[in-house]
Enquirer: 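Questions regarding the structure given below will be posed in turn.
Per chain, numbering begins at 1; letters A, B, ... match sequence-line order. Because only heavy atoms are used, hydrogens play no part in the values below, and waters and symmetry mates are left out as well, while side chains stay in. What you see is a predicted model; the values in this text were computed from it and never measured.
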Protein chains: 2
Amino acid sequence: MKEEQTFTIKQTAKETGISEDTIRYYEKIALLSRAERKDNGHRVYRQENIETIRLISCLKKTGMPLEEMRPFLAVSTDADPAEYPELVELLRSHRENIVSQISSLQQVVDFIDMKLEKGRYRRDCSDEIQDDVSENRMEESKPKSVSTVQMSYFSVSAGVGKSPNSV
Amino acid sequence: MKEEQTFTIKQTAKETGISEDTIRYYEKIALLSRAERKDNGHRVYRQENIETIRLISCLKKTGMPLEEMRPFLAVSTDADPAEYPELVELLRSHRENIVSQISSLQQVVDFIDMKLEKGRYRRDCSDEIQDDVSENRMEESKPKSVSTVQMSYFSVSAGVGKSPNSV
DNA sequence: TCTTGACTTGGAGTCGACTCCAAGTTATAG
DNA sequence: CTATAACTTGGAGTCGACTCCAAGTCAAGA
């Protein structure tokens with residue numbers, strides 16, 4: 001029962017949906033720790049590593065840049081995050097991020113549904129949070145209070161109830 | 001009432017949260033149609049254009065590449081998509097995409113919550129769909145039946161219930 | 001023994017999406 | 001009249017995330 005089943009990089013790629021090149025790339029940039037090697041130098045992966053790669057893939061889907069994943073991967077391999085208060089903060093803040101992403105996405109779904117149903121509602125897709133959690137290059141760090149502005153997607157030639165509340 | 005309120009690019013940037021440079025870039029790649037100009041050549045934006053930019057920003061949040069947005073923007077300015085069957089298809093397929101994105105995200109939220117609560121559940125973050133709707137570069141187009149595999153995030157040194165169902 | 005295939009490495013190239021720059025124009029303020 | 005600010009343009013540069021390549025190793029099969 002020590003036979004923990006191992007995978008080649010090819011299998012791992014297939015298993016995770018991440019290409020071999022990309023897996024090697026992740027190792028190169030140390031997002032993944034150096035994989036074990038066989039005598040011939042070939043990488044060996046086990047379930048554990050595959051989970052980690054899947055976590056990366058999953059976080060990627062949330063739009064998280066690779067660099068930001070590092071602490072998450074730390075939490076991943078490490079046991080309990082409660083011991084690392086700043087990680088807890090990170091988790092919380094990313095959670096907020098995702099929640100607002102979800103609502104953004106939900107609004108796009110609504111938009112699409114509305115379009116598909118040929119209805120003409122209006123929908124708001126602005127979200128209260130700024131998405132510069134990971135970006136600090138913008139000069140204008142104003143709160144940009146857009147949250148109340150109506151989003152009348154697919155603006156039908158500026159037709160819909162559009163109160164010009166000049167911000 | 002013909003005074004429809006116009007915006008400079010700067011105001012538009014502030015209004016939409018998209019930088020001036022980026023707005024110009026969108027125009028350059030014709031994602032936005034050429035903005036009106038004043039006599040002095042300065043761009044003029046109106047509410048309608050701002051909505052369009054917001055739509056782009058919103059779609060961006062769903063991870064959609066700019067190129068893929070074009071048909072959406074067509075739907076946006078155009079009235080009714082039901083006349084364009086392929087657009088309807090696009091909308092539907094992107095809707096599916098987003099729905100699965102949402103569930104991915106929800107799983108990450110669950111993951112985080114679980115981590116925050118110090119519990120040790122397992123969670124699955126693989127999704128049934130392939131995300132190569134926009135990518136056709138991968139050679140291996142196998143269905144990769146991962147949907148049942150347990151995702152034991154933060155794989156605690158390969159400890160959790162891990163049935164090695166060699167795929 | 002030679003070839004094939006699966007891997008290794010380092011490094012170069014690509015691509016999307018900006019982001020920045022230099023040079024020029026125009027409007028207003030001092 | 002000049003300087004400042006707000007814009008314009010075309011183009012170059014950057015950055016993240018791959019993606020591809022060439023050269024090499026190694027094991028197994030014809």
Enquirer: Each nucleotide in nucleotides 5-10 of chain C should get exactly one letter: B, S or -. Can you fill that in based on protein heavy atoms under 4.0 Å?
Expert: --SBB-
Enquirer: Using a cut-off of strictly less than 4.0 Å, decide whether B:Tyr26 has a side-chain nitrogen or oxygen near OP1 or OP2 of C:dC18.
Expert: yes
Enquirer: Which residues pass the side chain to side chain contact (heavy atoms under 4.5 Å, CB included) test with B:Ser33, not counting sequence neighbours?
Expert: none
Enquirer: Can you see which heavy atom on A:Ile50 is nearest to which on A:Glu15, and at what distance?
Expert: CD1-CG, 3.9 Å
Enquirer: Do B:Gln101 and B:Asn97 get their side chains close enough for a donor-acceptor pair, meaning under 3.5 Å?
Expert: no
Enquirer: In whole angstrom, what separates B:Tyr25's OH from D:dG11's P?
Expert: 16 Å
Enquirer: In chain order, what residues pass the salt bridge (charged side-chain N to carboxylate O under 4.0 Å, His left out) check against A:Glu67, with sequence neighbours excluded?
Expert: A:Arg70
Enquirer: Check the distance between D:dG16's P and A:Arg70's CZ and give it to me in whole angstrom.
Expert: 11 Å
Enquirer: Taking NZ, NE, NH1 and NH2 as the nitrogens, is one of them in B:Arg24 or B:Glu27 under 4.0 Å from a carboxylate oxygen of the other?
Expert: no
Enquirer: Specify the separation, in whole Å, of atom CE of B:Met64 and atom P of C:dA17.
Expert: 11 Å
Enquirer: Between P on D:dC7 and CZ on B:Phe7, what's the gap in Å once rounded to a whole number?
Expert: 14 Å
Enquirer: Over how many whole Å does the gap from B:Leu66 atom CG to D:dG16 atom P extend?
Expert: 18 Å
Enquirer: My understanding is that only residues two or more places apart in sequence, or in another chain, count here; which of them pass side chain to side chain donor-acceptor pair (under 3.5 Å) with B:Thr22?
Expert: B:Ser19
Enquirer: Which whole-number value in Å describes the distance from B:Lys61 NZ to C:dA17 C1'?
Expert: 17 Å
Enquirer: Closest approach of B:Ile98 and A:Val109, non-hydrogen atoms and distance?
Expert: CG2-CG2, 3.5 Å
Enquirer: What is the distance from CD of A:Glu67 to P of D:dA17, rounded to the nearest Å?
Expert: 7 Å
Enquirer: Within the structure, does a side-chain N or O atom of B:Lys38 lie under 4.0 Å from either OP1 or OP2 of C:dA27?
Expert: no
Enquirer: Quick one: list whatever passes side chain to side chain donor-acceptor pair (under 3.5 Å) with A:Arg92, sequence neighbours left out.
Expert: none
Enquirer: So what does A:Ile29 hit on the nucleic acid, given a heavy-atom distance under 4.0 Å: a base, only sugar-phosphate, or nothing?
Expert: nothing
Enquirer: How close or far is atom C1' of C:dT28 from atom CG of B:Asp39, stated in whole angstroms?
Expert: 16 Å
Enquirer: Name all stems that contain residues of DNA chain C, defined as runs of 3 or more consecutive Watson-Crick or G-U wobble pairs, both distances under 3.5 Å.
Expert: C:1-30 with D:1-30
Enquirer: With the side chain counted from C-beta on, respond yes when A:Tyr26 and A:Leu66 share a heavy-atom pair under 4.5 Å apart, and no when they do not.
Expert: yes
Enquirer: Would you indicate which nucleotide in D:dA17, C:dC18, D:dT19 comes nearest to any side-chain atom of A:Thr22?
Expert: D:dT19
